[in-house]
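First the structure, in the form of C-alpha cells, and then the observations on it.
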Amino acid sequence: MTMTEQPAGPTEKESACCARHDDHAARPGAEPPEPARERVNRRWNELLQETRVTQTGVQILFGFLLSVAFTPLFRELETPDKVIYVMTVVFGASATGSLIAPVSIHRFLSGQRMKDEVVRAAGRLMVCGMVLLALTIGCTLLLILRFVVPGVLAEVLVGGVMLWFGLCWYVLPLRLRRRATRRAQHEQD
C-alpha cells in the first residue's frame with residue numbers, strides 16, 4: 001500500500017468520474033467491478049508506464065535539440081530557421097516539464113491520501129505533455145525538412161505528419177471513447 005492511496009470506499013464523485021472507464025463491468029460475462037483502491041492503483045501504474053515511454057523520447061529529442069546550437073552549421077541558419085529552432089527548444093523543454101511533473105506531484109503529495117487527485121492531475125499533464133511533444137516533433141521536422149526539401153514541400157510534409165499525429169494521438173482515442181459511451185448507453189436502454 002502506498003502513501004497516497006485513497007480510502008477503500010469510493011466517494012460519489014469518484015464513482016461518477018470513473019464509471020465511464022468501467023462500463024464493461026456491467027455487461028453479461030464481464031469481470032466484476034473493480035474496487036476503488038485497485039482502480040486508482042491500476043490507473044497510477046498505467047500512467048507510470050505511459051510516462052516512462054514518453055519521458056525517454058522527449059529527453060532524447062530535447063538533448064539532440066540542445067546540441068544543435070553548438071554545431072558550425074547552426075551559425076549559417078537564417079532568421080526564420082533560428083526562430084523555428086527556438087520554438088522547438090521551448091516546446092521540448094515544456095514537454096519535458098509536463099511529462100516529468102507527475103513524479104514531482106507524487107513526491108510532494110506522498111502520504112496525503114490524495115492518489116485519485118494525483119492520478120487525475122498527472123493524466124492532464126500527460127495530455128498536455130503529449131501536445132507539446134507533438135509540437136516539438138513537428139517543429140524539429142520543419143527545421144530539418146526546410147534544409148533538405150525545396151520550396152513549400154517541407155511545410156506540406158510537416159502538415160501531413162502533424163495531421164497524422166492528431167488523428168492517432170487524439171481523434172482516434174476520443175472516437176473510441178465516444179463509441180464505447182454510446183454502446184454502454186445503448187446497452188442500458
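The structure presented is a predicted model; accordingly, all values stated were derived computationally and were not measured.
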Rounded to the nearest 0.5 Å, what separates atom CD1 in Ile84 from atom OG1 in Thr79?
11.0 Å
Quick check: do Leu141 and Met162 have side-chain heavy atoms less than 4.5 Å from each other?
no
Heavy-atom closest pair, residues Leu99 and Gln55
O-NE2, 3.0 Å
Would a hydrophobic clustering, with Ile, Leu, Val, Met, Phe, Trp and Tyr connected at side-chain separations under 4.5 Å, put Leu133 with Ile60?
no
Residues which pass side chain to side chain contact (heavy atoms under 4.5 Å, CB included) with Phe147, listed by chain and number, not counting sequence neighbours
Leu73, Leu77
CD on Glu76 to NZ on Lys82, rounded to 0.5 Å
10.0 Å
Among all residues two or more places apart in sequence or in another chain, which pass the ring pair (Phe, Tyr, Trp, His ring centres under 6.0 Å) test with Phe165?
Trp169
So how far is it from Leu174 CG to Thr181 OG1, rounded to the nearest 0.5 Å?
10.5 Å
Criterion side chain to side chain contact (heavy atoms under 4.5 Å, CB included) on Leu157 and Val161, from CA distance to verdict
CA-CA 6 Å; Leu157 290 171; Val161 169; 5.6 Å; no
What is the distance from atom OG of Ser104 to atom CG of Leu109, rounded to the nearest 0.5 Å?
8.5 Å
Return all side-chain donor-acceptor pairs below 3.5 angstrom for residues 45-52, not counting sequence neighbours, or 'none' if the list is empty.
from  : atom 1 : to    : atom 2 : distance (Å)
Asn45 : ND2    : Asn41 : O      : 3.2
Glu46 : OE1    : Arg42 : NH1    : 3.4
Glu46 : OE2    : Arg42 : NH1    : 3.2
Thr51 : OG1    : Leu47 : O      : 2.7

Single-linkage hydrophobic cluster, 4.5 Å side-chain cutoff, Met87 and Leu132 together
yes
May I ask whether Val149 and Val156 are part of the same hydrophobic cluster, defined by side-chain heavy atoms of I, L, V, M, F, W, Y residues being less than 4.5 angstrom apart, directly or through others?
no
Among pairs that include at least one residue of residues 51-76, which meet ring pair (Phe, Tyr, Trp, His ring centres under 6.0 Å), considering only residues two or more places apart or in two chains?
Phe74-Tyr85
Between Arg43 and Asp116 (salt bridge meaning N to carboxylate O under 4.0 Å), is one present in this structure?
yes
Closest heavy-atom pair, Thr136 versus Ala95, reported as atoms and distance to 0.1 Å, is OG1-CB, 4.4 Å
Rounding to 0.5 Å, atoms CD1 (Ile105) and CZ (Arg120) come to a distance of 12.5 Å
Check residues 122-130 and write down every donor-acceptor pair under 3.5 Å in which the side-chain atom is one partner and the other belongs to a residue at least two apart or another chain.
none

Those residues at least two apart in sequence (or on a different chain) that pass side chain to side chain contact (heavy atoms under 4.5 Å, CB included) with Leu163 are Leu167
Filter on side chain to side chain donor-acceptor pair (under 3.5 Å), then keep only pairs touching residues 86-96, sequence neighbours left out; what's left?
none
Give, for atom CD of Gln112 and atom CD of Glu117, the distance between the pair rounded to the nearest 0.5 Å.
11.0 Å
For residues Val58 and Val103: do they belong to one hydrophobic cluster (side chain heavy atoms under 4.5 Å, members Ile, Leu, Val, Met, Phe, Trp, Tyr)?
no
Among residues two or more places apart or on two chains, list those pairs meeting ring pair (Phe, Tyr, Trp, His ring centres under 6.0 Å) that have a residue in residues 170-189.
none
Treating Ile, Leu, Val, Met, Phe, Trp and Tyr as nodes and any side-chain heavy-atom pair under 4.5 angstrom as an edge, say whether Val68 and Val158 lie in one connected cluster.
yes
Would you mind listing every side chain to side chain donor-acceptor pair (under 3.5 Å) that reaches into residues 152-167, with sequence neighbours excluded?
Arg146-Glu155
Other cluster members, Leu176 - Ile/Leu/Val/Met/Phe/Trp/Tyr, side-chain contacts below 4.5 Å
Leu172
